[in-house]
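None of these values were measured; they are calculated from a predicted model.
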Amino acid sequence: GPRGRAPPSAETLLTYPQPVLSAEAEEAPQVSAQWPGEAGTWQTVAMMRNMARESSLHPWIRDRAAQVTAHCERNTRCQCLALYGYVKNVLPYVKDPEGVEALHHPVTWIERRLREGKPVYGDCDDASMYLAALLLAIGHRPRFRVLGREDRLHHVSVVCHNIFLDTTVQPGVQYPQPKRALQVPV
(Lines give C-alpha, C1' and ligand atoms only; values in the text may rest on other atoms or scores of the structure.)
Protein backbone atom coordinates (compact mmCIF):
# COMPACT_ATOMS: atom_id res chain seq x y z
CA GLY A 1 0.00 0.00 0.00
CA PRO A 2 0.98 3.64 -0.02
CA ARG A 3 3.96 4.29 2.22
CA GLY A 4 3.41 5.50 5.75
CA ARG A 5 -0.31 4.67 5.83
CA ALA A 6 -2.00 1.63 7.28
CA PRO A 7 -4.54 -0.17 5.10
CA PRO A 8 -8.11 0.98 5.72
CA SER A 9 -10.69 -1.29 7.33
CA ALA A 10 -13.13 -3.41 5.29
CA GLU A 11 -15.99 -1.15 6.40
CA THR A 12 -14.20 1.93 5.08
CA LEU A 13 -13.40 0.28 1.77
CA LEU A 14 -16.95 -0.95 1.23
CA THR A 15 -18.22 2.65 1.40
CA TYR A 16 -15.35 4.31 -0.45
CA PRO A 17 -16.62 6.11 -3.60
CA GLN A 18 -15.20 4.90 -6.89
CA PRO A 19 -14.95 6.81 -10.18
CA VAL A 20 -17.93 6.56 -12.50
CA LEU A 21 -17.20 5.16 -15.95
CA SER A 22 -19.29 5.84 -19.01
CA ALA A 23 -19.79 3.40 -21.89
CA GLU A 24 -17.42 5.59 -23.89
CA ALA A 25 -14.60 5.20 -21.35
CA GLU A 26 -11.42 3.33 -22.19
CA GLU A 27 -12.00 -0.41 -22.02
CA ALA A 28 -8.75 -1.25 -20.24
CA PRO A 29 -9.34 -3.05 -16.94
CA GLN A 30 -8.97 -1.29 -13.63
CA VAL A 31 -6.23 -2.71 -11.45
CA SER A 32 -7.03 -3.33 -7.80
CA ALA A 33 -5.30 -4.65 -4.68
CA GLN A 34 -3.08 -1.67 -3.89
CA TRP A 35 -3.15 -2.78 -0.25
CA PRO A 36 -1.46 -6.04 0.76
CA GLY A 37 -3.30 -9.09 2.08
CA GLU A 38 -6.91 -9.04 3.19
CA ALA A 39 -7.15 -5.24 2.95
CA GLY A 40 -6.44 -5.62 -0.78
CA THR A 41 -9.21 -8.20 -1.04
CA TRP A 42 -11.70 -5.83 0.58
CA GLN A 43 -10.51 -3.01 -1.66
CA THR A 44 -11.24 -5.24 -4.67
CA VAL A 45 -14.68 -6.20 -3.32
CA ALA A 46 -15.50 -2.51 -2.81
CA MET A 47 -14.52 -1.70 -6.39
CA MET A 48 -16.54 -4.67 -7.68
CA ARG A 49 -19.55 -3.60 -5.67
CA ASN A 50 -19.43 -0.06 -6.99
CA MET A 51 -18.92 -1.18 -10.60
CA ALA A 52 -21.83 -3.63 -10.40
CA ARG A 53 -24.16 -1.03 -8.87
CA GLU A 54 -23.21 1.63 -11.40
CA SER A 55 -23.47 -0.79 -14.32
CA SER A 56 -26.92 -2.03 -13.30
CA LEU A 57 -28.36 1.37 -14.24
CA HIS A 58 -26.87 1.39 -17.74
CA PRO A 59 -29.39 0.75 -20.56
CA TRP A 60 -27.18 -1.94 -22.13
CA ILE A 61 -27.17 -3.96 -18.89
CA ARG A 62 -30.89 -3.43 -18.27
CA ASP A 63 -31.72 -4.43 -21.86
CA ARG A 64 -29.53 -7.54 -21.67
CA ALA A 65 -31.07 -8.64 -18.34
CA ALA A 66 -34.60 -8.14 -19.69
CA GLN A 67 -33.75 -10.03 -22.90
CA VAL A 68 -32.18 -13.01 -21.13
CA THR A 69 -35.01 -13.34 -18.59
CA ALA A 70 -37.97 -12.56 -20.88
CA HIS A 71 -39.19 -16.18 -20.72
CA CYS A 72 -39.16 -16.20 -16.90
CA GLU A 73 -42.00 -13.72 -16.33
CA ARG A 74 -41.81 -13.07 -12.56
CA ASN A 75 -40.19 -16.34 -11.51
CA THR A 76 -37.25 -15.33 -9.31
CA ARG A 77 -35.43 -18.67 -9.49
CA CYS A 78 -35.80 -18.74 -13.28
CA GLN A 79 -34.39 -15.20 -13.58
CA CYS A 80 -31.38 -15.94 -11.34
CA LEU A 81 -30.57 -19.18 -13.17
CA ALA A 82 -31.15 -17.70 -16.64
CA LEU A 83 -28.70 -14.86 -16.00
CA TYR A 84 -26.20 -17.25 -14.40
CA GLY A 85 -26.37 -19.55 -17.45
CA TYR A 86 -26.00 -16.61 -19.79
CA VAL A 87 -22.88 -15.25 -18.05
CA LYS A 88 -21.34 -18.74 -17.79
CA ASN A 89 -21.95 -19.22 -21.53
CA VAL A 90 -20.65 -15.88 -22.87
CA LEU A 91 -17.73 -15.18 -20.51
CA PRO A 92 -14.99 -17.81 -20.74
CA TYR A 93 -12.71 -18.01 -17.70
CA VAL A 94 -9.25 -16.51 -18.19
CA LYS A 95 -7.06 -16.00 -15.14
CA ASP A 96 -5.54 -12.57 -14.42
CA PRO A 97 -1.77 -12.18 -14.85
CA GLU A 98 0.22 -13.31 -11.81
CA GLY A 99 0.23 -10.70 -9.05
CA VAL A 100 -2.38 -8.46 -10.71
CA GLU A 101 -6.09 -8.10 -9.93
CA ALA A 102 -7.63 -6.73 -13.13
CA LEU A 103 -11.31 -5.80 -13.00
CA HIS A 104 -13.09 -5.77 -16.36
CA HIS A 105 -15.97 -3.32 -16.18
CA PRO A 106 -19.40 -4.86 -16.94
CA VAL A 107 -20.33 -2.06 -19.38
CA THR A 108 -17.09 -0.76 -20.90
CA TRP A 109 -15.38 -4.14 -21.27
CA ILE A 110 -17.84 -7.04 -21.18
CA GLU A 111 -21.11 -5.69 -22.60
CA ARG A 112 -19.44 -3.38 -25.12
CA ARG A 113 -17.28 -6.18 -26.51
CA LEU A 114 -20.25 -8.58 -26.68
CA ARG A 115 -22.21 -6.00 -28.68
CA GLU A 116 -19.25 -5.41 -31.01
CA GLY A 117 -18.69 -9.14 -31.55
CA LYS A 118 -15.20 -8.97 -30.04
CA PRO A 119 -13.72 -11.70 -27.84
CA VAL A 120 -14.60 -11.31 -24.18
CA TYR A 121 -13.27 -13.17 -21.14
CA GLY A 122 -12.70 -12.72 -17.44
CA ASP A 123 -12.02 -14.42 -14.16
CA CYS A 124 -14.30 -15.01 -11.17
CA ASP A 125 -14.48 -11.36 -10.14
CA ASP A 126 -15.36 -10.19 -13.66
CA ALA A 127 -18.10 -12.79 -14.06
CA SER A 128 -19.44 -12.03 -10.57
CA MET A 129 -19.58 -8.27 -11.25
CA TYR A 130 -21.34 -8.79 -14.58
CA LEU A 131 -23.83 -11.25 -13.09
CA ALA A 132 -24.49 -8.97 -10.10
CA ALA A 133 -25.09 -5.99 -12.40
CA LEU A 134 -27.57 -7.99 -14.49
CA LEU A 135 -29.40 -9.18 -11.37
CA LEU A 136 -29.52 -5.68 -9.87
CA ALA A 137 -30.84 -4.31 -13.18
CA ILE A 138 -34.05 -6.33 -12.83
CA GLY A 139 -34.61 -5.74 -9.14
CA HIS A 140 -32.75 -8.55 -7.38
CA ARG A 141 -30.45 -7.97 -4.40
CA PRO A 142 -27.44 -10.23 -5.00
CA ARG A 143 -24.54 -10.75 -2.64
CA PHE A 144 -20.91 -11.47 -3.40
CA ARG A 145 -19.70 -14.68 -1.74
CA VAL A 146 -16.00 -14.30 -0.96
CA LEU A 147 -14.22 -17.60 -0.30
CA GLY A 148 -10.80 -18.59 0.88
CA ARG A 149 -8.36 -20.75 2.70
CA GLU A 150 -6.86 -20.00 6.09
CA ASP A 151 -4.25 -17.60 4.69
CA ARG A 152 -6.31 -15.53 2.27
CA LEU A 153 -9.60 -14.92 0.53
CA HIS A 154 -9.13 -15.81 -3.13
CA HIS A 155 -12.42 -16.49 -4.91
CA VAL A 156 -15.74 -14.71 -5.43
CA SER A 157 -19.13 -15.84 -6.68
CA VAL A 158 -22.71 -14.56 -6.43
CA VAL A 159 -25.67 -15.51 -4.25
CA CYS A 160 -29.17 -14.66 -5.50
CA HIS A 161 -32.11 -15.51 -3.23
CA ASN A 162 -30.00 -18.19 -1.49
CA ILE A 163 -29.00 -19.76 -4.82
CA PHE A 164 -25.21 -20.07 -5.12
CA LEU A 165 -24.09 -19.00 -8.60
CA ASP A 166 -20.43 -19.71 -9.36
CA THR A 167 -19.61 -19.32 -13.04
CA THR A 168 -16.19 -20.96 -12.67
CA VAL A 169 -17.47 -24.31 -11.34
CA GLN A 170 -17.13 -27.16 -13.80
CA PRO A 171 -19.67 -30.00 -13.72
CA GLY A 172 -18.40 -33.20 -12.14
CA VAL A 173 -15.33 -31.59 -10.51
CA GLN A 174 -15.02 -31.96 -6.74
CA TYR A 175 -13.85 -28.73 -5.13
CA PRO A 176 -12.45 -28.54 -1.58
CA GLN A 177 -14.66 -26.85 1.00
CA PRO A 178 -13.50 -23.29 1.69
CA LYS A 179 -12.14 -22.56 5.16
CA ARG A 180 -13.80 -19.14 5.07
CA ALA A 181 -16.90 -17.85 3.27
CA LEU A 182 -18.23 -14.32 3.68
CA GLN A 183 -21.22 -12.72 1.99
CA VAL A 184 -21.29 -9.03 1.10
CA PRO A 185 -24.41 -7.26 -0.21
CA VAL A 186 -23.85 -5.72 -3.63
Is there side-chain contact between [X] and [Y], with heavy atoms separated by less than 4.5 Å?
X      : Y      : result
Thr167 : Leu91  : no
Thr44  : Leu103 : yes
Arg141 : Pro185 : no
His105 : Glu54  : yes
Ser128 : Phe144 : yes
Trp42  : Val184 : yes
Pro142 : Leu136 : yes
Leu83  : Ile138 : yes

* By the rule that ILVMFWY residues connect when side-chain heavy atoms come within less than 4.5 angstrom, directly or transitively, which residues belong alongside Tyr93? ->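 Its cluster partners, ordered by chain and number, are none at all.
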* Asked: Among pairs that include at least one residue of residues 61-70, which meet salt bridge (charged side-chain N to carboxylate O under 4.0 Å, His left out), considering only residues two or more places apart or in two chains?
  ->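 Matches after skipping sequence neighbours: Arg64-Glu111.
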* Go through the steps for Val87 and Val158 under the test side-chain contact (heavy atoms from CB on, under 4.5 Å), then give the verdict. => CA-CA 12 Å; Val87 171; Val158 174; over 6 Å; no
Nearest 0.5 angstrom please: [X] [atom1] to [Y] [atom2], how far?
X      : Y      : atom1 : atom2 : result
Ile110 : Trp60  : CD1   : CH2   : 12.5 Å
Leu134 : Cys80  : CG    : SG    : 11.5 Å
Asp125 : His154 : CG    : NE2   : 12.5 Å
Glu101 : Met48  : CD    : CE    : 8.0 Å
Asp123 : Asp126 : CG    : CG    : 4.5 Å
Cys78  : Glu73  : SG    : CD    : 9.0 Å

* To do: For the pair Tyr130 and Val120, evaluate side-chain contact (heavy atoms from CB on, under 4.5 Å) and give the outcome as yes or no after the intermediate values.
  => CA-CA 12 Å; Tyr130 186 43; Val120 65; over 6 Å; no
According to a 4.5 Å side-chain heavy-atom criterion applied to Ile, Leu, Val, Met, Phe, Trp and Tyr, with indirect links allowed, do [X] and [Y] form part of one hydrophobic cluster?
X      : Y      : result
Leu114 : Ile61  : yes
Leu81  : Leu135 : yes
Ile163 : Tyr86  : yes

* Asked: Would you say Arg77 has more than 12 foreign heavy atoms packed within less than 6.0 Å of its CZ?
  ->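 No.
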* Let me see the working for Val169 and Phe164 under side-chain contact (heavy atoms from CB on, under 4.5 Å), right down to the final yes or no. => CA-CA 11 Å; Val169 172; Phe164 295 93; over 6 Å; no
* Asked: Got a sec, which residues hit ring pair (Phe, Tyr, Trp, His ring centres under 6.0 Å) with Tyr121, two or more places apart in sequence or on another chain?
  ->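 If we apply the ring pair (Phe, Tyr, Trp, His ring centres under 6.0 Å) test to Tyr121, skipping adjacent residues, the hits are His104, Trp109.
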